[in-house]
Amino acid sequence: MKIVSWNVNGLRAIANKNFNNWSDKLKPDVIALQEIKAHHTDVEQLVQTWSSEYNTYLYPAEKKGYSGTALLIRKKHKTNITLGINSKEFDTEGRLITAEFDSFILLNGYFPNGQRDHARVEYKLEFSKKVLQLALKLKAETKKDIIITGDFNTAHKEIDLANPKSNINSTGFLPIEREFIDELINNKFLDVFRCFYPEKKDEYTWWTYRSNCRERNIGWRLDYFFVNEEFIPKIKSITHQHEILGSDHCPVLLELRE
């Protein structure tokens, strides 16, 4: 089973940049998207093109051209979908979709950006706390494995961004933001990429469009898969698809064992 997470920085834009060719070739079972920046009426034709293979669930922000998440799930997989986190201040921005499968539950989140002036850091931390609380609640109630994926908008360790020293006071690398990743791990949700590649350097998932940073690989690792530790043996591989263009983020591919 293949699950992909990708901040597309605009669903309509990415659809014009070989999204369908990419998905047709890779054939993911689940495509978890963040920052879709689109309402249902904006992408009716796109959804129709996917309808033969995927059930598409959009969770747009109320504000036009902003935030939002989506899930594309192959029709052979039975799922129960929940939109939101039961909190109006976050749900108006369409930041979380939960999909319950037969053997696991997937949380697809677009974690807020703290903003350059740090004005939304507390908002980001409150959302993050609610996601963790929900994950723990679902695991306790269902006894199913949990996958938390999406754009976390935080680089965890110095190895996870190209210029850690100069960004110590930048949102996305603030100590208080990084502590949330520690809290996930303390609650036995593991960073899958670092389980497979604990010391691998120069592995990023986001690059600013400025100064040819992607070509120079001056980036940040902001996009993750976290799973409960018992789930790790069921994972075959995880890959950053650096070669796939169209967004300032690249897709992250998680492949489960048969």
Side-chain angles (χ1 to χ4, degrees), residues 1-85 91-111 147-151 205-206 222-225 235-256 258:
M1 186 176 189
K2 295 178 180 178
I3 305 173
V4 180
S5 176
W6 193 4
N7 178 320
V8 291
N9 194 16
L11 185 53
R12 287 169 292 177
I14 205 73
N16 295 321
K17 298 175 182 175
N18 294 320
F19 179 92
N20 287 342
N21 290 341
W22 163 78
S23 60
D24 287 346
K25 183 177 180 180
L26 184 62
K27 300 187 183 307
D29 293 87
V30 181
I31 305 175
L33 303 177
Q34 306 90 41
E35 203 172 1
I36 61 171
K37 297 180 178 179
H39 284 222
H40 295 80
T41 53
D42 301 322
V43 290
E44 285 179 357
Q45 188 172 352
L46 274 177
V47 172
Q48 185 61 36
T49 65
W50 302 328
S51 63
S52 62
E53 297 184 37
Y54 291 97
N55 290 316
T56 302
Y57 306 93
L58 301 180
Y59 191 37
E62 289 183 3
K63 180 181 176 181
K64 282 278 192 177
Y66 176 71
S67 189
T69 48
L71 283 173
L72 281 69
I73 301 175
R74 284 202 177 273
K75 292 192 168 184
K76 66 180 181 179
H77 298 294
K78 294 181 179 180
T79 55
N80 290 318
I81 303 295
T82 303
L83 303 179
I85 201 167
D91 292 345
T92 56
E93 298 191 359
R95 291 196 174 271
L96 189 81
I97 302 181
T98 302
E100 183 173 359
F101 293 78
D102 288 340
S103 60
F104 66 86
I105 298 174
L106 175 73
L107 285 73
N108 172 32
Y110 178 36
F111 290 69
I147 301 174
I148 310 171
T149 192
D151 176 3
T205 64
W206 175 82
L222 302 179
D223 305 85
Y224 298 80
F225 278 91
I235 297 172
K236 180 179 179 182
S237 64
I238 186 168
T239 309
H240 295 156
Q241 295 193 303
H242 303 127
E243 74 282 4
I244 305 301
L245 306 178
S247 169
D248 50 355
H249 294 249
C250 74
V252 183
L253 169 62
L254 183 78
E255 190 164 2
L256 305 183
E258 296 295 333

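Distance check: I238 CD1 to I3 CD1 gives 10.5 Å after rounding to the nearest 0.5 Å. Once rounded to the nearest 0.5 Å, the distance linking CD1 of I36 with CG of N7 reads 11.0 Å. Atom OG of S247 sits about 11.0 Å away from atom CG of L11, to the nearest 0.5 Å. The line from CZ of F101 to CG of L106 is 6.0 Å long, rounded to the nearest 0.5 Å. Atom CG of N18 sits about 10.0 Å away from atom OG of S23, to the nearest 0.5 Å. The CD atom of E35 sits 7.5 Å away from atom CG of D151, with the distance rounded to the nearest 0.5 Å.
The pair D42-K64 meets the salt-bridge criterion, with a side-chain N (NZ, NE, NH1 or NH2) lying under 4.0 Å from an Asp/Glu carboxylate O.
Contact record, L71 with A99: CD1-CB, 3.8 Å, taken as the closest heavy-atom pair. Contact detail for H39 and A61: the closest heavy-atom pair is NE2-O, 2.7 Å.
Of the possible polar contacts, one joining the R12 side chain to the K37 backbone as a donor-acceptor pair under 3.5 Å is found. Under the 3.5 Å distance criterion, the side-chain polar atoms of R95 are matched with a main-chain donor or acceptor of Y110. Listed for the K25 side chain is no donor-acceptor partner under 3.5 Å among the backbone atoms of W22. Judged by distance alone, with hydrogens and angles left aside, the side-chain atoms of N108 form a donor-acceptor pair with the main-chain N or O of A70 at under 3.5 Å. Using modelled atom types, no side-chain atom of T149 and backbone atom of S5 make a donor-acceptor pair closer than 3.5 Å.
Within 6.0 Å of atom CD in Q48, 12 or fewer heavy atoms from other residues, nucleotides or ligands are found, so the atom counts as exposed in its surroundings.
Evaluation of the ring-ring contact (aromatic ring centres under 6.0 Å, His included) rule for Y224 yields F152, F226 as partners, not counting sequence neighbours. W50 is linked by a ring-ring contact (aromatic ring centres under 6.0 Å, His included) to F19, counting only residues two or more places apart in sequence or in another chain. Residues meeting the side-chain hydrogen bond (donor to acceptor under 3.5 Å, both in side chains) test with N80, sequence neighbours left out: none. Residues forming a side chain to side chain contact (heavy atoms under 4.5 Å, CB included) with S103 (at least two apart in sequence, or on another chain): none. With sequence neighbours left out, the side-chain hydrogen bond (donor to acceptor under 3.5 Å, both in side chains) criterion links H240 to E203. Qualifying side-chain hydrogen bond (donor to acceptor under 3.5 Å, both in side chains) partners for E255, counting only residues two or more places apart in sequence or in other chains: none. Under the salt bridge (charged side-chain N to carboxylate O under 4.0 Å, His left out) criterion, D91 pairs with no residue at all, not counting sequence neighbours. Residues satisfying the salt bridge (charged side-chain N to carboxylate O under 4.0 Å, His left out) test with D29, not counting sequence neighbours, are K76. Qualifying salt bridge (charged side-chain N to carboxylate O under 4.0 Å, His left out) partners for E100, counting only residues two or more places apart in sequence or in other chains: K144. In this structure, K75 has no salt bridge (charged side-chain N to carboxylate O under 4.0 Å, His left out) partners at least two apart in sequence or on a different chain. Under the side-chain hydrogen bond (donor to acceptor under 3.5 Å, both in side chains) criterion, D223 pairs with T205, H249, not counting sequence neighbours.
Among residue pairs with one or both ends in residues 59-79, none qualify as ring pair (Phe, Tyr, Trp, His ring centres under 6.0 Å); sequence neighbours excluded.
You'll find the side chain of V30 reaches within 4.5 Å of the side chain of M1, heavy atoms only. You'll find the side chain of N55 stays beyond 4.5 Å of the side chain of T79, heavy atoms only. Contact of the I97 side chain with the I81 side chain is registered, since non-hydrogen atoms from C-beta on lie closer than 4.5 Å. In this structure the side chain of F225 never reaches within 4.5 angstrom of the side chain of I235, judged on heavy atoms.
Under 3.5 Å, the side chains of Q241 and W6 contain no donor-acceptor pair of N or O atoms.
Checking L254, V4, L253 one by one against P28, the side chain to side chain contact (heavy atoms under 4.5 Å, CB included) holds for a single residue, V4.
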